[in-house]
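To keep things clear, I will list the structure first and then write my remarks on it.
We use all heavy atoms of the structure for the numbers below, so side chains are in, but hydrogens, waters and symmetry mates are not.
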Amino acid sequence: KLNYVTCDGISILSDALRINSHLHVLNLNSNNIGRRGAFILAEALKVNKSLRKLHLVNNDLHEEGILGLKEVLKINPQCSITLSDNIGVFASRMHLDVGARKPTATITASVFSHEE
């Protein structure tokens with residue numbers, strides 16, 4: 001949290017997440033990851049099956065980055081992702097039901113619009 005990991009740091013962290021099977025909670029709140037960083041992180045989370053909670057509050061993910069993370073939940077339904085206060089074009093709570101035989105996976109998002 002507040003370590004200014006940014007997109008470059010997420011690349012390194014994502015490499016570690018691909019092989020890590022012990023980490024269950026990761027708090028990356030307020031690290032300026034950005035939408036590109038969200039996509040990099042999403043690719044790692046498709047491989048990592050141990051992470052249960054991911055906090056990405058206030059990371060400038062935009063709608064595209066959030067939707068990329070949403071795809072992770074189809075592959076990795078045991079992970080919950082908190083995304084409040086990210087710049088985007090919609091404000092909602094997104095819920096993704098990945099199927100009756102699997103646990104319900106959710107993304108909680110309170111996204112605000114940023115006009116430049």
Side-chain angles (χ1 to χ4, degrees):
K1 182 175 173 180
L2 290 172
N3 289 314
Y4 303 102
V5 172
T6 71
C7 183
D8 294 333
I10 284 298
S11 294
I12 296 166
L13 180 62
S14 292
D15 289 343
L17 282 173
R18 290 179 204 284
I19 58 172
N20 185 292
S21 62
H22 302 289
L23 186 65
H24 299 289
V25 178
L26 181 58
N27 184 339
L28 291 171
N29 290 345
S30 302
N31 275 289
N32 198 29
I33 293 167
R35 65 186 109 190
R36 187 170 146 255
F39 283 112
I40 293 168
L41 187 57
E43 289 303 309
L45 293 176
K46 289 176 182 176
V47 176
N48 179 300
K49 302 297 184 202
S50 66
L51 198 66
R52 298 292 180 259
K53 292 184 180 182
L54 176 61
H55 301 281
L56 292 172
V57 173
N58 190 29
N59 270 295
D60 197 22
L61 302 179
H62 294 264
E63 183 176 2
E64 299 90 352
I66 291 168
L67 293 175
L69 288 163
K70 182 180 175 182
E71 291 300 310
V72 169
L73 299 181
K74 293 177 182 176
I75 297 165
N76 196 347
Q78 71 279 358
C79 187
S80 82
I81 305 173
T82 305
L83 295 162
S84 51
D85 298 326
N86 277 286
I87 294 173
V89 295
F90 62 95
S92 68
R93 291 180 77 90
M94 295 191 306
H95 298 280
L96 175 65
D97 182 350
V98 293
R101 294 192 180 105
K102 295 181 182 178
T104 300
T106 61
I107 290 181
T108 302
S110 171
V111 185
F112 60 92
S113 180
H114 177 73
E115 295 182 26
E116 297 182 45

NZ/K49 to CD1/I75 distance, rounded to the nearest 0.5 angstrom?
-> 6.0 Å
T6 (side chain) donor-acceptor with N32 (main chain) under 3.5 angstrom | no
Identify whether V5 and I40 are in the same connected component of the hydrophobic contact network (ILVMFWY, side-chain heavy atoms under 4.5 Å).
-> yes
Heavy atoms of G68 and A42 approach each other most closely as O-CB, 3.7 Å
Give, for atom SG of C7 and atom CG of L13, the distance between the pair rounded to the nearest 0.5 Å.
-> 11.5 Å
Roughly how far, to the nearest 0.5 Å, is the CG atom of N20 from the OG atom of S14?
-> 12.0 Å
If you round to the nearest 0.5 Å, how far is CG of L83 from CG of N59?
-> 9.0 Å
Transitively linked via ILVMFWY side-chain contacts under 4.5 Å: L45 with V57?
-> no
Is L17 reachable from I12 through a run of hydrophobic residues whose side-chain heavy atoms are each under 4.5 Å from the next?
-> no
Once you round to the nearest 0.5 Å, how far does CG of L26 lie from CG of L56?
-> 7.5 Å
Got Q78 and L51 here, is their nearest side-chain heavy-atom distance under 4.5 Å?
-> no
Donor-acceptor contact present, side-chain N48 to main-chain R18, <3.5 Å = no
Looking at side-chain heavy atoms only, is the closest gap between L54 and V72 below 4.5 Å?
-> no
Quick one: OG on S80 to NE2 on H55, what's the gap to the nearest 0.5 Å?
-> 6.5 Å
Taking all atoms of both residues into account, what is the closest heavy-atom pair of K53 and C79, and its distance?
-> N-SG, 4.5 Å
Validation row: L73, E71 side chains within 4.5 angstrom (heavy atoms) = no
Judged by atom type as modelled, is there a donor-acceptor pair below 3.5 Å linking the side chain of H24 to the main-chain atoms of S50?
-> yes
Mark yes or no for whether R36, through its side chain, and I33, through its backbone, hold a donor-acceptor pair below 3.5 Å.
-> no
Can you tell me if N27 uses its side chain to pair, donor with acceptor, with the backbone of N29 under 3.5 Å?
-> yes
